[in-house]
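In what follows, a single structure is set out as structure tokens and then discussed.
In what follows, chains carry the letters A, B, and so on, assigned in the order in which the sequence lines appear, proteins first and then strands, with residues in each chain numbered from 1. Just so it is clear, the structure is predicted and the values come from calculations on it, not from any experiment.
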Amino acid sequence: MSAFTCVLRYPICKVFLLPKRTEKILKYEIFTNVMRISLSKHLSQTTLSSSLEDEEFRKLDLLTKGRQNRKGRQRGGVKTEILPPRYKRMPFDQDWNSVWPTAQSFKPSTVPLPLLQGFVKTGAPPDKYANTELMKIPNFLHLTPPTIEKHCAALKKFCTPWPKQLKTDEICDKEFPVEIITNDYCHAGPSIRDSRARIVTLKVKLSVLPLDYHAKDKLLRLVADRYDPTNDVLSITVDRCPLRKQNYDYACYLLTALFYESWKVEPWESEKTEADMEKYFWNGSRSQKAIVSTFRWMQGTVPYEVSETDILAQKVAEHYGEAVSSIYNNGESSETLQHYKDAACQLLNITQEKMS
Amino acid sequence: MTPSVHKTLFQLGGISKSFEIQCKTFQEVCLMVRKPALEVMEYLKQANYDHPTIRYILYGRKGTGKTLTLAHLLHYGFNKKWMLLHVPWAPNWTRRPREIAPSISREGRIDMPVDAAVWLQQFKSQNEQLLKDLDLRAQKSYTWSKREVTQEGEPLLSIADHGINRMKHASDCVAVILKELREYSQKGMFTTFVAVDGVNCFFRPTDVKRENKVIVPADEITLIRAFKKLLKNDWNHGAVVVTVDEIASPVGYRDSHMPKYLLGQEGFELFEPFIPICVENYSRKEIESCLDYFIDRLWIQTEEGRTPEGKEELIFISGSNPYRLMEICKSR
């Protein structure tokens, strides 16, 4: 086809498309609309055969041209001109905020985007005109960045300046380690209340709290899965009281109570059995005793001096202890087993050969 | 391996059935020399036998060749004239005992007369020559019943014979023989080679039930108890090579092929310190030599099978797993 295609917009006008030889397109005198579909021209002014401008009224022809062309008059009456939709008359650099000042349902004639929404089994997705899906879903065309900038500028006079010392995130975390999260809800209905607004979440990193090994272990047991080990954050969510303030106070109380309880050592904690242990400790285990007895037997037959054997024994035993602990704590895998093999061979005086 | 040696060592078990059938077809018993076996042999050479017994645990996925590696090492021990104490497939005792009887000597324990007698026969056949040469005698007298007594100084072979003949006392005979051999080993008279296939079943619930349908824990079975004493390292002049196998565990305990998981806490602590040895699938060289052997034995009969592409296909389908390769070559 030719460089641009023309689309028939109005049923009455007739536009002849001549074959390739001629590039001109004949226009009828009464009204013809030649539109170019490329997007760049979409918003620009359309060419009308008559020199109509937006602000002037349309001419109502009574008994003039219409009468002259009676023969060629169409049935069903002469239809009045329909103005092109608004989006075609929008300049690039218009103020969108004035076009869409508040939240509105989607208006296809005002939104200048060629949107397609929906699914049709055979065929292209439906376009924006009479698209119920687009009309139903909420849009945020009233909150584009320039609009938000205007909102911020309007609110600025009510704000105090950001403290100069809090320049980076790390300083903020250091000065304010506890994070309180609450949600607010708005309803356009008989009541503006929402019961979810009472929920308070308190987040704090455990590295900030001074805890020794026992205290941390006890705290983690008390807290269970409120602790996230990947980013070391304890999150306490409270919603048992009706008011937000009450929940906030309760959350602070919980944190305080957890901290002080975890530092206390109860008398029954000494009854901790092997099954309760949070991880495997090699020192004092049966494994260590077995190793020590084995090593002592082996020592007895090797004529080393006492001091030498002690240092050797300690190193070897530690190496072995590490290997066993890693198997228990980190699970078995080829690496941990290889580590164990090396340690055991060292203990039993066997050199591993690297065979090809 | 010569047929006579094969018969001596493995007549009553120790090699999987499919491999046995394959050996019969090929009319020879051939084991591939692989890295795990060589590694263990190296360690066995290096080890100081005045020190406590070193335990070697062979572990690996299904079908990678643990049992055959054990068989290879058994053959090595046989050649070195060590005393062989071999349990061919331990789960036979925990899952399908041929007969169960309450123990005579101790209350609450369970005996397995037929299994014990079978083991004694195997022990005799594996160690006959050695026992004759060493002429070991009982160090204590053992009273089996009012009329049957083994006096001090009688040869150990007679105890074995007594066990085979009087199956009622077979389990106790086994226990006695193991105890005696342990004591002799400690004196340094010979080296004992203990081999147990599927040792992880000793540390898991068994399928053996008493008359009142209560499951018997492994510790209450005389045979297993006797062998467990040997698996510790409080004696010397011995070597213990065991395999842990997923299949040896009961059905609920088969998630992983790793030794600690299969042995459980109790087993792992019993075996510490041990040397774990991984038996893996065939390497490139190994699988090619295996396929060449099959071709040489005219086992792979089609022309396509003998081409390099055919070999590649077989390698891919079996995933370099020795057992699967054997099964595939059987069917095609």
Side-chain angles (χ1 to χ4, degrees), chain A residues 273-275 277 280 282 284-304 309 313 316-356, chain B residues 33-61 186 188 232-237 239-240 244 255-280 283-286:
Chain A
T273 60
E274 209 178 290
M277 291 285 174
Y280 181 76
W282 189 70
S285 67
R286 291 184 288 269
S287 161
Q288 192 190 30
K289 290 182 193 143
I291 303 305
V292 167
S293 66
T294 313
F295 200 75
R296 282 222 184 100
W297 184 341
M298 287 165 69
Q299 257 182 315
T301 55
V302 175
Y304 279 138
T309 44
V316 167
E318 264 175 40
H319 188 42
Y320 183 83
E322 272 172 48
V324 172
S325 305
S326 78
I327 289 188
Y328 272 98
N329 293 328
N330 304 337
E332 280 179 295
S333 67
S334 48
E335 293 101 26
T336 47
L337 278 173
Q338 184 60 40
H339 186 203
Y340 179 80
K341 191 174 171 185
D342 297 333
C345 286
Q346 202 187 24
L347 180 75
L348 299 165
N349 275 331
I350 288 190
T351 46
Q352 294 183 63
E353 268 182 33
K354 308 283 176 193
M355 285 195 281
S356 61
Chain B
V33 177
R34 290 179 72 196
K35 205 170 119 188
L38 287 175
E39 205 183 328
V40 178
M41 283 198 252
E42 188 60 47
Y43 298 154
L44 289 171
K45 277 186 219 161
Q46 272 185 39
N48 184 340
Y49 288 102
D50 292 321
H51 286 174
T53 32
I54 301 180
R55 281 76 60 86
Y56 307 90
I57 297 192
L58 298 168
Y59 68 96
R61 289 181 212 267
Q186 281 198 279
K232 289 190 203 166
N233 69 344
D234 47 4
W235 54 297
N236 55 359
H237 283 279
V240 176
V244 285
D255 288 323
S256 149
H257 65 277
M258 293 288 179
K260 176 166 163 288
Y261 170 75
L262 289 169
L263 289 171
Q265 178 82 355
E266 190 204 334
F268 188 73
E269 289 188 352
L270 187 102
F271 274 101
E272 278 193 291
F274 64 89
I275 298 182
I277 291 157
C278 188
V279 181
E280 282 168 15
S283 70
R284 184 84 206 176
K285 226 169 147 190
E286 285 171 349

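Residues Val324(A) and Tyr340(A) have side chains in contact (heavy-atom distance under 4.5 Å, counting atoms from C-beta outward).
Neither the backbone nor the side chain of Phe271(B) comes within contact range of chain A; no heavy atom of the residue lies under 4.5 Å from a heavy atom of that chain. Within the 4.5 angstrom heavy-atom criterion, only side-chain atoms of Glu269(B), from C-beta onward, approach chain A. Both the backbone and the side chain of Leu337(A) come within less than 4.5 Å of a heavy atom in chain B.
Glu332(A) contributes a side-chain N or O that, together with a main-chain N or O of Tyr261(B), makes up a donor-acceptor pair within less than 3.5 Å. The closest donor-acceptor contact from the side chain of Arg55(B) to the backbone of Leu270(B) lies under 3.5 Å.
Between Phe274(B) and Tyr59(B), the ring centre distance reaches or exceeds 6.0 Å.
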